[in-house]
Amino acid sequence: MKDIPTKYSPAEVEGGIYKLWEKNGLNRARPDSGKPSYSIVIPPPNVTGILHMGHALNNTIQDILIRWKRMQGHETLWMPGTDHAGIATQNVVERKLAGEGLKRTDLGRDKFLEEVWKWKEEHGSTIIRQLKSLGCSCDWDRTRFTMDEGLSNAVRKVFVKLYEDGLLYKGDYIINWCPRCTTALSDEEAEHREVLGMLYYIKYPVKGREKLEKANEDFVVVATTRPETMLGDVAVAVSPKDPRYRHLEGKKLLLPILGRELDVIFDESVDPEFGTGALKVTPAHDPVDFEMGSRHGLERLNVMGPDAAINDLGGDYEGMDRFECREAIIEDLKQRKLFVRAEEHHHAVGHCYRCHTVVEPRLSKQWFVRMKPLAGEAIKVVKEDRVRFYPPRWSKVYLNWMENIRDWCISRQIWWGHRIPVWYCRDCFGSADVRDIAVDAPGKAGIVVGEAPSECPVCGSASMEQDPDVLDTWFSSWLWPFSTMGWPEKTGELEYFYPTDALVTAQEIIFFWVARMIMSGLYFMGDIPFRDVYIHGTVRDATGTKMSKSLGNVIDPMDVIREVGSDALRYSIISITSQGQDVFLSKEKFETGRNFANKLWNASRYVLMSSGEKARGELPGENALTIADKWILSSLAGTVGAVNESLEAYRFNDAASSLYEFIWHKYCDWYLEISKFAENREAVDNILVLVLGECLKLLHPFMPFITENIWQNMPGKDRGCLMTAGWPEPLRGLADDGSVPSMEKIIGLITSIRNVKAFWNIPNSGEVEALFLTDTEEEAVLIGDNRIYLEKLAGCRVLEAGTATERPSRSVSALSGKIRIFVPLGGSIDIDKEKDRIGKKLGEMENYLKSIEKKLSNRSFVSKAPAEVVEKEKAKKDKFEISIRNLKENLASLE
RNA sequence: GGGCGCGUAGCUCAGCUGGUUUAGAGCGCUACCCUUACAAGGUAGAUGUCGUAGGUUCGAAUCCUACCGCGCCCACCA
């Protein structure tokens with residue numbers, strides 16, 4: 001025992017502790033335990049990803065909840081897993097292949113997928129391992145992956161059900177297209193970023209006018225940010241209310257360079273104020289134009305290929321990249337005197353959320369889910385508080401999105417993911433590319449949705465071709481709360497653990513995931529997927545920038561764990577994240593947790609070395625308790641209550657600081673010091689061990705490793721694991737006999753005396769004498785009975801305590817509450833210094849007293865304020881008057 | 001264009017269902033201490049017109065309005 005080092009070394013204990021838990025199967029959830037259930041849905045991290053600070057924060061919060069509930073006696077399920085992250089993972093593997101000089105098309109679909117699975121086998125367990133070193137007490141036996149057989153089955157079932165219910169369709173729409181990933185993206189996957197671009201003004205000649213002289217007569221000026229899309233223009237639109245263009249009705253314009261004839265159309269959606277009030281219409285490359293094109297029956301000319309290079313409709317520009325083409329077109333327009341000017345223009349441009357390439361709005365045939373029918377219930381459950389957001393403001397964000405919901409583009413032109421379970425009959429559809437076959441209603445002939453058919457139900461042909469696309473990764477994630485529990489089977493897990501209790505996630509994932517899970521839960525399970533949604537802040541660096549690999553400002557949680565340990569990481573990050581506020585991190589912030597862990601370590605070391613061998617932490621009989629004992633026990637009870645209250649309200653930092661305050665500033669600073677000179681050794685040893693044990697329990701959800709480690713070193717054979725020890729009860733039923741205020745008075749006296757000593761430069765180890773003038777006889781007795789505290793902790797000898805104590809000559813004085821303290825200083829007293837000290841204090845107090853008096857003399861205050869507030873104010877006044885009188889007497893006695 | 005968050009000690013932030021806090025914590029700073037658990041420590045101390053200006057109220061860091069600075073999210077102004 002004596003060999004325990006004075007520095008806590010997490011690296012030496014954490015791994016072993018985790019093995020201990022796993023060996024005992026402590027994180028396994030049993031749906032048949034009969035206990036109340038508590039379950040959490042883990043936001044599945046990317047299978048090939050690695051742990052970043054956001055994960056660390058997110059999973060620490062979840063682990064706190066799970067450990068807390070487990071100790072409270074709930075049967076807890078924290079189901080871990082990873083998602084296949086279609087685009088991201090495919091990109092990673094493609095990059096690896098590129099290093100070998102290969103493209104995915106060189107391998108072919110099957111071979112490529114083999115490569116991805118291989119990659120997944122090699123790298124997929126990294127994040128799981130990292131979550132374990134963070135201390136996460138997930139039920140690892142139930143680890144799920146979105147492409148597991150069970151989850152894939154759920155995806156197919158859901159696809160079929162949506163199809164049969166008329167909620168799926170495949171058709172031509174403008175979608176967000178990433179030319180680098182060569183796939184469609186959902187609206188949420190296109191991140192809009194404000195950029196400084198150019199707005200180009202271009203002349204479109206009026207047909208039949210050879211000269212380009214008079215604006216609006218000979219030509220119309222059109223403004224655009226993407227001149228390259230003019231290759232796909234089919235019209236120019238103006239507002240019907242715009243007098244400038246009314247005369248153009250029935251006229252034709254000529255598309256610059258290509259010379260195609262364009263109609264002039266009149267549409268309400270054109271804003272006459274913007275640009276020139278004339279808008280070029282490109283239905284295949286812009287969502288607004290697409291809508292307009294549909295209204296006016298315009299042709300849709302798609303002028304770009306999948307890589308956003310200009311296709312054969314682009315004439316001489318064929319083969320050029322879109323941005324290259326932009327430059328070339330501007331140049332050609334200038335040559336032809338059709339270019340007017342370019343001005344700087346701020347606008348939001350979509351970027352691919354995986355590779356950050358500028359997204360191209362592009363006409364394309366894709367699968368969509370009709371969302372409006374799913375949104376209704378999802379709005380209701382939040383409005384009715386059946387699903388609650390913490391902090392509540394996020395429900396507004398959620399509702400705003402839900403009320404304006406748009407259809408979800410779910411098909412992706414990549415290979416890694418759940419392939420769309422739709423087969424088309426080659427014979428029924430002839431040679432058409434199956435991608436181009438529209439599916440606008442359920443039951444279309446020649447199409448089979450669900451399992452691979454052996455033949456076409458219409459013509460009997462055996463030549464069926466599966467849709468080449470895969471589904472959006474979120475199409476499997478949105479089923480996570482029930483697909484992981486075995487849905488569509490009616491499993492015991494679903495019965496017992498669904499709906500789950502809490503979802504902990506980051507703000508940026510509300511639309512991607514939270515909202516969609518609520519919709520899918522309600523639609524497929526008929527019930528909400530979770531009751532509480534806790535939205536934590538975003539982890540940023542010290543300057544407020546979001547941490548990201550590409551910016552190079554990340555702090556790797558694994559580095560932090562190596563340096564200070566998981567517990568320190570967890571405690572630090574939790575203590576700086578107040579509800580829903582962003583977390584600003586720097587390496588120094590982890591010192592808080594490291595120091596706290598070390599403090600706990602050393603306090604435990606002391607308790608176990610000096611007393612723990614015999615003491616078992618039993619509460620001594622009430623008669624054996626000192627005021628200090630009762631004070632620490634009562635304070636512990638208060639802390640239990642505070643921690644519970646904070647955790648119930650998802651105020652993790654509050655819970656953490658309550659524990660910090662109690663353990664450090666009450667248990668260590670005071671009780672441990674007091675214990676060193678306690679008379680009843682046996683009683684105090686038991687209380688030391690008892691309080692330590694309760695502290696370990698309360699702290700365990702926050703710092704699981706160190707607390708379990710200390711727990712395992714505490715005496716007592718049948719302790720078992722702290723991880724499954726019972727959570728402390730709020731109160732231990734101690735009689736309220738005034739011990740707590742008495743102890744607080746003693747603490748106040750000690751502080752005052754220390755203060756005097758510091759002011760007069762008396763070393764803390766040096767002894768002084770002290771006399772006490774009290775208001776009441778009880779206080780004098782209290783001091784007399786507890787003189788040992790003053791002597792040991794303030795380093796003073798108590799000479800006298802009573803209501804008639806006289807101030808000795810050549811002494812300085814202090815005040816604690818209403819008790820006056822005199823400390824004789826013999827010849828060393830510097831009267832001027834003392835006068836100055838008292839004078840300053842007196843000034844402060846007189847000022848404050850004046851403000852109280854003013855308040856009390858205000859008739860409105862006395863008549864309108866609640867009686868207890870007035871009483872308090874009067875009590876304050878009394879206290880200050882006495883203090884001032886005392887100080888004046890002190891001053892007078894110096895004369 | 002809508003919506004949201006933040007501006008409190010040198011730094012990072014709590015507090016904000018108005019009055020028990022003469023505004024708190026951690027870090028940093030100052031002084032004294034290697035006191036037999038802990039120097040990653042102990043004791044004591046200094047530091048704030050609570051962004052600005054109004055308003056509501058007996059009373060506002062806390063509620064309302066406007067403004068000034070930051071930051072974020074959503075949105076089809078080309």
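As the structure is a computational prediction, the values presented were derived from the model and not from experiment. Just so it is clear, the values below take in all heavy atoms, side chains as well, and ignore hydrogens, waters and symmetry mates.
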Under 6.0 Å between the ring centres of [X] and [Y]?
| X | Y | answer |
| --- | --- | --- |
| A/Phe596 | A/Phe702 | no |
| A/His345 | A/Tyr201 | no |
| A/Tyr8 | A/Trp601 | yes |

Short N/O separations, protein against nucleotides 55-59 of chain B, under 3.5 angstrom:
from: B/rC58; atom 1: OP1; to: A/Lys864; atom 2: NZ; distance (Å): 2.2
from: B/rC58; atom 1: O2'; to: A/Asn858; atom 2: ND2; distance (Å): 3.0

Between N or O atoms, less than 3.5 Å apart, protein on one side and nucleotides 74-78 of chain B on the other: list the pairs.
from: B/rC76; atom 1: OP1; to: A/Arg406; atom 2: NH1; distance (Å): 3.0
from: B/rC77; atom 1: O2; to: A/Asp271; atom 2: OD2; distance (Å): 2.7
from: B/rA78; atom 1: OP2; to: A/His345; atom 2: NE2; distance (Å): 3.2
from: B/rA78; atom 1: O2'; to: A/Ala223; atom 2: O; distance (Å): 3.4
from: B/rA78; atom 1: N6; to: A/Asp271; atom 2: O; distance (Å): 2.7
from: B/rA78; atom 1: N6; to: A/Phe274; atom 2: O; distance (Å): 3.0
from: B/rA78; atom 1: N1; to: A/Asp271; atom 2: N; distance (Å): 3.3

Per-nt protein contacts along nucleotides 37-49 of chain B (heavy atom under 4.0 Å; B base, S backbone sugar-phosphate only, - none) come out as BB-BSSSSS----
What one-letter contact string describes nucleotides 4-10 of chain B from 5' to 3', where B marks a base within less than 4.0 Å of any protein heavy atom, S marks contact via sugar-phosphate atoms alone, and - marks no contact? SSS----
Does the ring of A/Tyr606 carry A/Lys676 above it, NZ/CZ under 6.0 angstrom from centre and within 45° of its axis? yes
Axial cation check for A/Phe759 ring with A/Lys833, 6.0 Å and 45° limits: yes
Hunt down any stem RNA chain B takes part in, defined as 3 or more consecutive Watson-Crick or G-U pairs whose two distances are each under 3.5 Å. B:1-7 with B:68-74, B:10-13 with B:24-27, B:29-33 with B:41-45, B:51-55 with B:63-67
Looking at [X] and [Y], does any basic side-chain N land under 4.0 Å from a carboxylate oxygen?
| X | Y | value |
| --- | --- | --- |
| A/Arg516 | A/Glu188 | yes |
| A/Arg226 | A/Glu360 | yes |
| A/Glu873 | A/Lys877 | no |
| A/Glu844 | A/Lys841 | no |

So does A/Asn598 get a backbone contact from the side chain of A/Asn602, meaning a donor-acceptor N/O pair under 3.5 Å? yes
Beyond-backbone contact of A/Tyr200 with A/Val222, side-chain heavy atoms, under 4.5 angstrom: no
Side chain proximity check, A/Ile573 to A/Met53, heavy atoms < 4.5 angstrom: yes
Pick the [atom1] atom in [N] and in [M], then give their distance to the nearest Å.
| N | M | atom1 | value |
| --- | --- | --- | --- |
| B/rU21 | B/rA39 | C1' | 31 Å |
| B/rC27 | B/rU22 | C1' | 26 Å |
| B/rG48 | B/rC29 | C1' | 16 Å |

Would you indicate, yes or no, if B/rU22 has its OP1 or OP2 atom less than 4.0 angstrom from a side-chain nitrogen or oxygen of A/Lys876? yes
Salt bridge (charged side-chain N to carboxylate O under 4.0 Å, His left out) contacts in which one or both residues fall within residues 568-584 of chain A, not counting sequence neighbours: A/Asp63-A/Arg570, A/Arg540-A/Asp582
Side chains of [X] and [Y]: donor-acceptor distance under 3.5 Å anywhere?
| X | Y | value |
| --- | --- | --- |
| A/Asn653 | A/Ser575 | no |
| A/Glu189 | A/Tyr353 | yes |
| A/Tyr173 | A/Asp407 | no |

Rounded to whole angstrom units, what separation is found between the CD atom of A/Glu588 and the P atom of B/rC13? 13 Å
Could you check how far CD1 of A/Ile762 sits from C1' of B/rU35, rounded to whole Å? 17 Å
